[in-house]
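Single-structure report; data block below.
In this chain, numbering begins with 1 at the start of the sequence shown. All heavy atoms count here, side chains included; hydrogens, waters and symmetry mates do not. Remember, it's a predicted structure, so these values are computed and weren't measured experimentally.
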Amino acid sequence: MNFRFKDFLIRVAVILLVLSVPLMLFLYAMQAKQYTNLTKEVRALEQKQEKLIEDNKKLVSDIAILSSADRIEKMAVEELGMHKAEKEDIVRVEMTGEKQ
């Protein structure tokens, strides 16, 4: 009887081993597919990040150009008919600290 129990355990172990090999291969294939998908997603996100960085650089450059003092002064003079104030055009108003 002891021999039969050992034989039974050996058969169960072999069956488990035989079943576990395909299971392990299947799990490895699933993991490899997931890794491939994640790698593609990372590449796509990196490309998107690079594009956003380039767009941001362009926008910062545009802001610097559009907000330059020379450009603003030129627009004020040419488009709005403004001019720099002379000393006699400036009125100084002093406020006292009292509130009413």
### Message
For Glu54, is there an ion pair with Lys51 - N to carboxylate O distance below 4.0 angstrom?
### Response
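Looking at Glu54 together with Lys51, the answer is no, because their closest N to O distance does not fall below 4.0 Å.
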
### Message
For Asp70, give me all partners under side-chain hydrogen bond (donor to acceptor under 3.5 Å, both in side chains), at least two apart in sequence or on another chain.
### Response
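None.
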
What distance separates [X] [atom1] from [Y] [atom2], expressed to the nearest 0.5 Å?
{"X": "Gln49", "Y": "Asn56", "atom1": "CD", "atom2": "CG", "answer": "11.5 Å"}
{"X": "Glu41", "Y": "Glu46", "atom1": "CD", "atom2": "CD", "answer": "11.0 Å"}
{"X": "Lys74", "Y": "Glu79", "atom1": "NZ", "atom2": "CD", "answer": "9.0 Å"}
{"X": "Gln47", "Y": "Leu52", "atom1": "CD", "atom2": "CG", "answer": "12.0 Å"}
{"X": "Leu38", "Y": "Leu45", "atom1": "CG", "atom2": "CG", "answer": "10.5 Å"}

Contacts under 3.5 angstrom, residues 13-33 side chains, donor-acceptor by atom type, not counting sequence neighbours:
from, atom 1, to, atom 2, distance (Å)
Ser20, OG, Leu16, O, 3.2
Ser20, OG, Leu17, O, 2.9

### Contacts of Arg11 that satisfy salt bridge (Lys or Arg N to Asp or Glu O under 4.0 Å) - sequence neighbours left out
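With neighbours one apart ignored, the set is Asp7.
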
### Query
Can you tell me if CD on Glu88 sees more than 12 non-hydrogen neighbours from other groups inside 6.0 Å?
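Enclosed: over 12 neighbouring heavy atoms sit under 6.0 Å from CD of Glu88.
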
### Task
Have a look at Ser61 and tell me which of Leu59, Ile63, Ile65 forms a side chain to side chain contact (heavy atoms under 4.5 Å, CB included) with it.
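Considering Leu59, Ile63, Ile65, a side chain to side chain contact (heavy atoms under 4.5 Å, CB included) with Ser61 is found only for Ile65.
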
### Task
Can you see which heavy atom on Ile72 is nearest to which on Ser67, and at what distance?
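Looking at all heavy atoms of both residues, the closest pair is CD1-O, 3.7 Å.
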
### Query
When you look at Leu66 and Arg71, which way does the side chain to side chain contact (heavy atoms under 4.5 Å, CB included) test go after all the steps?
CA-CA 7 Å; Leu66 293 174; Arg71 181 183 171 280; 3.5 Å; yes

